[in-house]
2 protein chains.
Amino acid sequence: MSGERRRRRRPEEAERAILAAARAFLEERPFREMTVEGVMVRTGLSRPAFYAYFRDRYDLVTRLLEGVGGLLFALDWRWLSGGADGGEAREVLVEALRAGSQTFVEYGPVLRAIADAAGYDARVEEVYRYGLIERLVAAVGTRISRDVEAGISPGELDPEETARALVLMTERYLLDAFGRPERRPSRRESAAVFGTIEEIWVRTLYGRE
Amino acid sequence: MSGERRRRRRPEEAERAILAAARAFLEERPFREMTVEGVMVRTGLSRPAFYAYFRDRYDLVTRLLEGVGGLLFALDWRWLSGGADGGEAREVLVEALRAGSQTFVEYGPVLRAIADAAGYDARVEEVYRYGLIERLVAAVGTRISRDVEAGISPGELDPEETARALVLMTERYLLDAFGRPERRPSRRESAAVFGTIEEIWVRTLYGRE
DNA sequence: GTGTCTATTGACGTCACGTCAATAACAGGC
DNA sequence: GCCTGTTATTGACGTGACGTCAATAGACAC
């Protein structure tokens, strides 16, 4: 019987190890099966060690979100601040949507875990809703409002509500397509997803062709 | 000290009482706070009695869904089977959307609970996804496909994927608006929500005006 | 080698769960 | 009214995951 000697790491190293273990876990199994024990066995540390770095598993996924949320935000920023003439607006929008979708392709399972966890825990819901979704809604709403005033988009649209509907659609549809660990879409399927999102945004905001 | 005498009910009566208690609970607090004990105190029965009628709380919400899912399905059926000429298609769609939205106004918290529970439990996810969402997607997809072939809707649309995106958008947006027990929208806000959903569906499928 | 600091963990109490044998309310026969 | 069989109901139990804390033992300074 070997002594299974303990190891001792620097705090940030252990913390990164836990975050990496959580991410790896979520690449294989859904959040509902993620237990503190299940994450910690992948680090070689004991379960109680977890609580030296995170309050609970909701805190953990919240921290995972921090590494991804910024990406989504940075990308849509281009469209938000882009020029205000008709043809260009559409192109910039399409580019922003592609970039945002790409983030979901890469971090799908993590984002899915956050969305699931938002249903479990009030703090995660708060961070997800107001730290990500509502910020995107506000940004998109501002842009739509500007385009309506510029006459590029139709006046029947309620900017804020249209923004919310489109953002929620995109979030949900992308989670459905890329958030499930067990089902990775093919390149062809992914292209259909991207195309559909673009079609709906463009047709809603700028009309056909 | 009075004897707190037990009462004895007929099975279906007890079962209905539990379902009613669950629904009442969800009108006040979110699913994540719903415990078996918390539901059963509202019935005057003990916690173990619950397990004579339901396997667990996920079984409970699944049963709640049965009383609502049919409504959503019946309503969209009209649009699905409606006539295939341009002007009429749009009107029938709008009517179907209003009816479906109305179901969310009435049963919002219950539907929200199911959606949350789908993140908790694989069986609920199965029922929700394949028993409700995917059935709606299939129905809507069929209709879109027909409209595309009839030349009413644009050929760029991928019927199946467009259906999925629109259904998920509508589900999510309506849950966001009407699924939170604590925040009931005013009549004005509700009208903005309905209008936005219609606008996106109509503009996507049939183009502007 | 000795001592300090702190990362790590074994052991504990809690909470909600799901089960089961025991209990007692009701229905029906007399 | 009394007895009796059926079954709705529950007290008591074992389980699994949680979050805490005092005790343990690496790592580094000297």
Side-chain angles (χ1 to χ4, degrees), chain A residues 1-22 25-26 28-64 113 116-117 119-124, chain B residues 1-22 25-26 28-64 113 116-117 119-124:
Chain A
M1 302 68 167
S2 72
E4 287 277 339
R5 319 196 332 135
R6 285 200 215 179
R7 217 178 103 225
R8 194 188 165 97
R9 317 176 203 208
R10 303 225 312 288
E12 329 93 43
E13 187 193 347
E15 189 171 313
R16 271 187 292 108
I18 296 173
L19 285 167
F25 185 102
L26 292 172
E28 297 172 17
R29 295 155 66 189
F31 176 75
R32 61 166 158 269
E33 295 176 14
M34 187 176 102
T35 170
V36 173
E37 174 75 21
V39 170
M40 294 307 282
V41 290
R42 294 175 183 242
T43 65
L45 285 170
S46 69
R47 191 176 61 80
F50 174 87
Y51 296 97
Y53 302 98
F54 301 94
R55 183 171 169 179
D56 50 33
R57 51 185 177 142
Y58 307 114
D59 183 31
L60 176 61
V61 294
T62 300
R63 300 281 283 280
L64 281 179
D116 284 346
Y120 283 62
D121 182 84
R123 299 186 328 264
V124 177
Chain B
M1 299 97 197
S2 73
E4 287 275 341
R5 319 193 338 140
R6 285 200 214 176
R7 216 178 102 222
R8 195 188 164 98
R9 317 176 205 206
R10 304 224 310 287
E12 329 93 43
E13 187 193 346
E15 190 171 313
R16 270 187 293 109
I18 295 173
L19 285 167
F25 185 102
L26 292 172
E28 298 173 16
R29 293 156 66 190
F31 176 75
R32 61 167 159 268
E33 295 176 14
M34 187 177 99
T35 170
V36 172
E37 174 75 21
V39 170
M40 293 307 282
V41 291
R42 295 175 184 242
T43 66
L45 285 171
S46 69
R47 191 177 61 81
F50 174 86
Y51 297 96
Y53 302 98
F54 302 94
R55 183 170 169 179
D56 50 32
R57 50 184 177 144
Y58 307 114
D59 184 31
L60 177 59
V61 294
T62 300
R63 301 280 284 281
L64 281 178
D116 284 346
Y120 283 61
D121 182 84
R123 298 185 333 263
V124 177

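The chains referred to below are lettered A, B, ... by the order of the sequence lines, with proteins before strands, and numbering in each begins at 1. Note that this is a predicted model, so its numbers are computed, not measured.
Note that the two end axes of the helix from dG1(C)-dC30(D) to dC30(C)-dG1(D) enclose an angle of 10°, each drawn from 5 base pairs, rounded to 10 degrees.
Pairs of residues two or more places apart, or lying in two chains, that qualify as salt bridge (Lys or Arg N to Asp or Glu O under 4.0 Å) and include a residue from residues 47-59 of chain A are Asp56(A)-Arg123(A).
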task = Starting at the 5' end of nucleotides 6-18 of chain C, put B wherever the base has a protein heavy atom under 4.0 Å, S where only the sugar-phosphate does, and a dash everywhere else.
result = BBBBBB----SBB

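Legend: residues meeting side-chain hydrogen bond (donor to acceptor under 3.5 Å, both in side chains) with Arg8(A), ordered by chain and number and at least two apart, are absent. The side-chain hydrogen bond (donor to acceptor under 3.5 Å, both in side chains) check on Arg42(A) picks up Glu28(A), with sequence neighbours excluded. Scanning for salt bridge (charged side-chain N to carboxylate O under 4.0 Å, His left out) contacts around Arg63(B) gives Glu15(B), with sequence neighbours left out. Taking the side-chain hydrogen bond (donor to acceptor under 3.5 Å, both in side chains) definition, one finds that Glu37(A) meets it with nothing, sequence neighbours left out. For Ala49(A), the side-chain contact (heavy atoms from CB on, under 4.5 Å) criterion is met by Met40(A), Leu45(A), Ser46(A), not counting sequence neighbours. Partners of Tyr120(B) by ring-ring contact (aromatic ring centres under 6.0 Å, His included), not counting sequence neighbours, listed by chain and number: Tyr120(A), Phe31(B).
Residues Thr62(B) and Asp121(B) fail the side-chain proximity criterion, which asks for heavy atoms closer than 4.5 Å.
Atom OH of Tyr120(A) and atom C1' of dA17(D) are 13 Å apart (whole Å). One can place CD of Glu15(B) at 12 Å from P of dA8(D), the figure rounded to the nearest angstrom.
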